[in-house]
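Okay, structure first, notes after.
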Amino acid sequence: MKRVIGIGGVFFKSKNPADLIAWYEKHLGMKPTWAGGVVFEWKDAGHPGRSGQTVWSPFKADTDYFKPSAEPYMINYVVDDLEAMIGALTREGITIEGQEDSEFGRFAWIMDPENRRVELWEPPKKTSA
């Protein structure tokens, strides 16, 4: 089973997220996709029909979203099949800290050996209209 297939997001704490987003837009050309940051679209060279996205988003400095980690950042990793991933991790003795389904896809959280929160994300399946 292929586990992680990409980086879905880089999230980090900021003293002033709006000002930081504006600085990155002005100086590095990172145009905000929404008020919370930038979405970079990409294609998977190994799978021509697969596309994805990586989110870059500063959070308020007092966010609790990264807890129980004390680190000021969290990386989101894209997975093909979250249910299979959770099963494999559980069999390997890894505790699943939580799970959530939303319009943005399916999420699960674990802690790495250095006590950093890791977010696993299965994007929503694209449907034909």
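The figures that follow rest on heavy atoms only: side chains count, while hydrogens, waters and symmetry mates do not.
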Whether S57 side chain and G37 backbone form a donor-acceptor pair below 3.5 Å: no

Hydrophobic cluster identity match, I7 and F104, side-chain contacts under 4.5 Å: no

M74 CE to K13 NZ distance, which is reported to the nearest 0.5 Å: 11.0 Å

Least distance between heavy atoms, P68 atom then N115 atom: O-ND2, 4.4 Å

Mutual orientation of the aromatic rings belonging to W109 and F107 [parallel < 30°, tilted 30-60°, perpendicular > 60°]: parallel

Return the CD1 to CH2 distance between I75 and W121, rounded to the nearest 0.5 Å. 14.5 Å

Could you grab the distance from atom CD1 of I94 to atom CD1 of I86, nearest 0.5 Å is fine? 13.0 Å

Hey, are the side chains of I96 and I110 touching, using non-hydrogen atoms and a 4.5 Å cut-off? yes

Would you check if K60 and P17 make a side-chain contact, meaning some heavy-atom pair closer than 4.5 Å? yes

Please tell me if the side chains of S51 and E41 come closer than 4.5 Å, counting only heavy atoms from C-beta onward. no

Hey, does M85 have a side-chain heavy atom less than 4.5 Å from the side chain of D80? no

Grouping I, L, V, M, F, W and Y whenever their side-chain heavy atoms are under 4.5 Å apart, do L120 and V10 come out in a common cluster? yes

Between T95 and M111, is any pair of side-chain heavy atoms under 4.5 Å apart? no

Work out which heavy atom in T63 is nearest to a heavy atom in Y65; give both atom names and the distance. OG1-N, 3.1 Å

Is any side-chain heavy atom of V55 closer than 4.5 Å to a side-chain heavy atom of F11? yes

To the closest 0.5 Å, what do you measure between CZ (R106) and CD (E83)? 5.0 Å

Indicate if W23 and V38 have the same hydrophobic cluster label, given that clusters are the connected sets of ILVMFWY residues with side-chain heavy-atom separations under 4.5 angstrom. yes

Can you tell if the side chain of F12 reaches within under 4.5 Å of the side chain of L20, non-hydrogen atoms only? yes

Nearest 0.5 Å please: distance from the CD atom of Q53 over to the CZ atom of F40. 11.5 Å

Close side-chain approach of W34 and I21, heavy atoms under 4.5 Å: no

Hydrophobic clusters here meaning ILVMFWY residues chained together by side-chain heavy-atom distances under 4.5 Å, can you tell me if Y73 and V39 are in one? no

Assess whether atom CD of E114 is packed by more than 12 heavy atoms of other residues, nucleotides or ligands within 6.0 Å. no

Does any N or O in the side chain of S14 come within less than 3.5 Å of the main-chain N or O of P58, such that one atom is a donor and the other an acceptor? no

Could you grab the distance from atom CG of L89 to atom CZ of R3, nearest 0.5 Å is fine? 5.5 Å

Test side chain to side chain contact (heavy atoms under 4.5 Å, CB included) applied to E122 and K125, step by step: CA-CA 9 Å; E122 179 183 330; K125 302 294 182 216; 3.3 Å; yes

